[in-house]
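Below: one structure, written as structure tokens.
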There are 2 protein chains.
Amino acid sequence: MSKKLLPLADATDLADDAACSTSLVAEPLTESEAAGLAAVFKALADPVRLRLFSLVASHAGGEACVCDLAASFDVTQPTISHHLKVLREAGLLDSERRGTWIYYRARPEALAQLSVLLAPQAAAA
Amino acid sequence: MSKKLLPLADATDLADDAACSTSLVAEPLTESEAAGLAAVFKALADPVRLRLFSLVASHAGGEACVCDLAASFDVTQPTISHHLKVLREAGLLDSERRGTWIYYRARPEALAQLSVLLAPQAAAA
């Protein structure tokens, strides 16, 4: 299996895997890696989703529910829920239902993997 | 001006700027930052473009022309040229015409900025 293990959503132990990911500067992506990674970037390629992702990731306690987020956007709560679902399906957010609300948090291992992948030099082995 | 200076294509001195970029985990993106950054991720959200970008970035000498790339893809040379243009307009590639060919290279400052932005922790000040 390639060191670049994508798509993010399919990997169950990305924390370890991220440590051995390599930059796309180091070696060309395979077709399958590119397909998985493009899906992740597609999830990030929308301004509202990107702000949502950033708001969740930077929220106090590292997590947020739709109730915390809706006030920051001009879109409806169902639209926000839809965008959060897209981010979760791309492997960028985890979610947990507690009572009435679903709480979302960024997956640091997914961010770490993307960060290494886009690093301008190859990460040390 | 925010530390997150986007879109990448508008910045002329990203090398310095990247050093003081912060992760989107550290503070929420503004609407304008999110719009600029979403455009960059959109450029990366296509499997062929992503492979092209990776091929250029990892190519011997750090640069490649369409003549170097066409053999790796099932799409036509004009299609490859179009994708390279999209990547250039997003600020991810630089280009230089030499003789018949345009040579492309990845912009390490753009990669550095994206890498810091997606880092799971805030970069040190």
Side-chain angles (χ1 to χ4, degrees), chain A residues 4 6 14-15 18 22-59 62 64 69 72-74 90 92 105-123, chain B residues 4 6 14-15 18 22-59 62 64 69 72-74 90 92 105-123:
Chain A
K4 288 205 202 66
L6 295 157
L14 275 166
T22 53
S23 167
L24 51 68
V25 170
E27 50 177 309
L29 294 167
T30 66
E31 283 189 51
S32 128
E33 287 167 345
L37 189 56
V40 177
F41 285 133
K42 193 169 179 183
L44 293 173
D46 177 278
V48 172
R49 272 205 297 276
L50 203 46
R51 278 183 64 217
L52 263 176
F53 182 62
S54 173
L55 267 173
V56 170
S58 62
H59 201 262
L69 302 166
S72 302
F73 294 88
D74 288 334
L92 292 161
R105 57 172 60 238
R107 297 182 68 220
E109 61 273 34
L111 284 168
Q113 192 180 342
L114 288 176
S115 183
V116 168
L117 202 84
L118 291 167
Q121 280 96 29
Chain B
K4 287 202 202 67
L6 294 157
L14 275 166
T22 52
S23 167
L24 51 67
V25 171
E27 50 177 310
L29 294 168
T30 66
E31 283 189 50
S32 127
E33 288 168 343
L37 189 55
V40 177
F41 285 133
K42 194 170 179 183
L44 293 173
D46 177 279
V48 171
R49 273 205 295 278
L50 202 47
R51 278 183 63 216
L52 262 176
F53 181 62
S54 172
L55 267 174
V56 169
S58 63
H59 201 261
L69 303 166
S72 303
F73 295 89
D74 288 334
L92 292 161
R105 56 173 59 237
R107 296 182 68 221
E109 61 274 35
L111 284 169
Q113 192 179 342
L114 290 175
S115 182
V116 168
L117 202 85
L118 292 167
Q121 281 95 28

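Letters go in sequence order (proteins before strands), and every chain restarts at 1.
Expressed to the nearest 0.5 Å, how far CG of A:L114 lies from CZ of B:F41 amounts to 7.5 Å. Atom-to-atom distance recorded for B:L55:CG and A:L24:CG is 10.5 Å, nearest 0.5 angstrom. Atom-to-atom distance recorded for A:K42:NZ and B:L44:CG is 14.0 Å, nearest 0.5 angstrom.
Of all heavy-atom pairs spanning A:A38 and B:P47, the tightest one is CB-N, 3.6 Å. Across every non-hydrogen atom of A:L50 and B:A34, the tightest pair is CD2-O, 3.6 Å. Nearest heavy atoms, B:P108 versus A:P120: O-CB, 3.6 Å.
No other option in A:A35, A:A43, A:A45 has as many heavy-atom pairs under 4.5 Å with chain B as A:A45.
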